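Here's the structure, in structure tokens; my notes come after.
What you are looking at is a predicted structure, and each value in this text was computed from that prediction instead of being measured. Counting starts at 1 for both ligands and their atoms, in listed order.
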Amino acid sequence: MLPAMKTVEAEEEYAEDCPELVPIETKHQEKEENLDFIIKIPVTIVTGYLGAGKTTLLNYILTEQHNRKIAVILNEFGEGSAVEKSLAVSQGGELYEEWLELRNGCLCCSVKDNGLKAIENLMQKKGKFDYILLETTGLADPGAVASMFWVDAELGSDIYLDEKPDGLVNEATRQVALADMILINKTDLVSEEELNKLRTTIRYNTLDCCSLKARRKTHLSNILDLHAYDTLSGISLQKKLQHVSTAPHLDQSIVTVTFDVPGSAEEESLNVFIQNLLWEKNVKNKDGRCMEVIRLKGLVSIKDKPQQMIVQGIHELYELEESRVNWKDDAERACQLVFIGKNLDKDILQQLFITAVAETKEQTTAPGQDGACPPH
Ligand SMILES: Nc1nc2c(ncn2[C@@H]2O[C@H](COP(=O)(O)OP(=O)(O)OP(=O)(O)O)[C@@H](O)[C@H]2O)c(=O)[nH]1
Ligand SMILES: [Zn+2]
């Protein structure tokens with residue numbers, strides 16, 4: 001798993017703030033050119049593998065006291081937008097909506113398709129913020145994202161590192177290769193020995209080792225204001241990109257599946273459902289191939305629980321947590337799940353969930369479950 005960040009400086013026009021009464025037109029132009037009064041807004045691109053902790057980091061930055069007005073653009077994949085938003089809500093304790101202004105002056109927005117369009121819209125709100133943080137999908141090729149910024153910008157980056165899953169070496173390597181900074185997260189899940197091994201493998205640009213969950217936090221000053229691509233720092237993004245082809249390398253076999261089932265789930269059945277998928281790996285698709293879930297997120301209703309519950313899964317680890325949000329009334333309860341992985345079949349997963357987990361289940365044999373798959 002590899003989370004990463006990059007910084008871009010996008011230009012803002014100064015023209016709007018020029019004094020109205022300027023005696024001679026040429027003087028006005030001279031002033032702009034000579035004094036280089038261009039306001040630049042730094043953009044940090046946070047990239048990293050699925051579940052690396054990008055959203056957790058952004059939530060931490062949003063809620064930390066930093067005396068900055070930061071605009072955060074959260075990544076949403078597929079139709080899972082509501083889930084991602086709800087996860088942010090539960091962690092930050094604030095409701096994020098389209099361009100919601102938070103109490104500490106930060107702006108937050110969630111977007112599809114990597115949020116580059118959102119940056120354009122953001123620029124119309126200039127003056128309201130002084131920093132942009134953009135989360136990309138865990139499978140993003142940072143080269144492609146960064147190239148889009150490079151048009152009139154200078155760029156810098158940070159990366160977090162986790163493991164390299166099979167078939168994703170390209171994205172992982174590219175995320176590291178293009179990073180200006182690497183932040184190793186989830187240190188609570190590995191031994192000191194494994195951590196040192198990882199450090200040696202990366203060798204350069206390691207910013208910090210942290211565990212966002214275990215509150216071993218990194219200092220924000222390490223992450224923001226890298227100025228890695230300022231003209232004065234001497235490294236241009238163009239140079240960096242020359243060493244890496246910008247052709248997309250995304251693993252086409254990885255798909256996102258999402259569904260929404262009204263009503264509540266029984267906690268025990270939900271655990272069995274998830275464990276069959278993540279641990280037993282005995283759920284098959286139409287072709288008899290075992291479904292391989294890399295990332296699981298969900299916002300679910302558990303029978304007799306007033307709170308909305310959050311499911312988070314990465315490879316074989318998963319957890320079911322209470323959010324800070326309560327269900328408004330029983331009629332609105334539902335379970336929304338997002339799966340990212342290989343050989344996933346939406347109909348089979350949804351049907352299995354309805355028959356095996358949903359409260360009004362009928363005891364029938366669930367589809368897709370006829371004997372264990374060989375270990376892989
Ligand atoms: N143990 C541990 N868990 C963590 C840490 N940081 C984040 N997590 C958990 O990892 C899960 C995924 O975190 P996210 O912040 O959603 O990861 P992400 O990179 O935004 O995920 P995607 O957007 O799906 O790629 C959540 O359950 C977090 O609570 C950490 O330092 N240690
Ligand atoms: Zn995220």
- Item | Proximity to ligand 1 by part of Gln312, non-hydrogen separation under 4.0 Å | side chain
- Note on the structure: Note: Thr56, heavy atoms under 4.0 Å from ligand 1, region reported as both
- Could you go through the salt bridge (charged side-chain N to carboxylate O under 4.0 Å, His left out) check for Glu322 and Lys305 one step at a time? CA-CA 9 Å; Glu322 286 171 6; Lys305 285 245 185 211; 3.3 Å; yes
- Task: Hey, could you give me the CD/CD distance between Gln336 and Gln308, rounded to the nearest 0.5 Å?
- Result: 10.5 Å
- Query: Does any donor atom in the side chain of Arg295 or Gln312 lie under 3.5 Å from an acceptor atom in the other side chain?
  - Reply: yes
- List every atom of ligand 1 that sits less than 4.0 Å from any heavy atom of Ile314, numbering the atoms from 1 in the order shown and giving each element. 10 (O), 11 (C), 12 (C)
- Task: Could you tell me which non-hydrogen atom of Leu317 sits nearest to which non-hydrogen atom of Leu278, and how far apart they are?
- Result: O-CD1, 4.1 Å
- Any side-chain heavy atom of Lys286 within less than 4.5 Å of one from Asp347? yes
- Note: ligand 1 atoms sitting under 4.0 Å from heavy atoms of Leu50 are 25 (O)
- Query: In terms of atom number and element, which parts of ligand 1 are under 4.0 angstrom from non-hydrogen atoms of Gly53?
  - Reply: 13 (O), 14 (P), 15 (O), 17 (O), 18 (P), 19 (O)
- Can you find an N/O atom of Thr187 closer than 3.5 Å to an N/O atom of ligand 1? no
- Task: For Glu316, check salt bridge (charged side-chain N to carboxylate O under 4.0 Å, His left out) against everything at least two apart and list the hits.
- Result: Lys281
- Message: Less than 4.0 Å is my threshold; does some heavy atom of Glu321 fall inside it relative to ligand 1?
- Response: no
- Note on the structure: Taken in chain and number order and not counting sequence neighbours, the residues that satisfy salt bridge (charged side-chain N to carboxylate O under 4.0 Å, His left out) with Lys197 are none
- Below 4.0 angstrom from a heavy atom of Glu319, which ligand 1 atoms are there? Numbered from 1 as shown, please. 27 (O), 29 (O)
- Message: Give the atom numbers and elements of ligand 1 that come within less than 4.0 Å of a heavy atom of Leu189.
- Response: 1 (N)
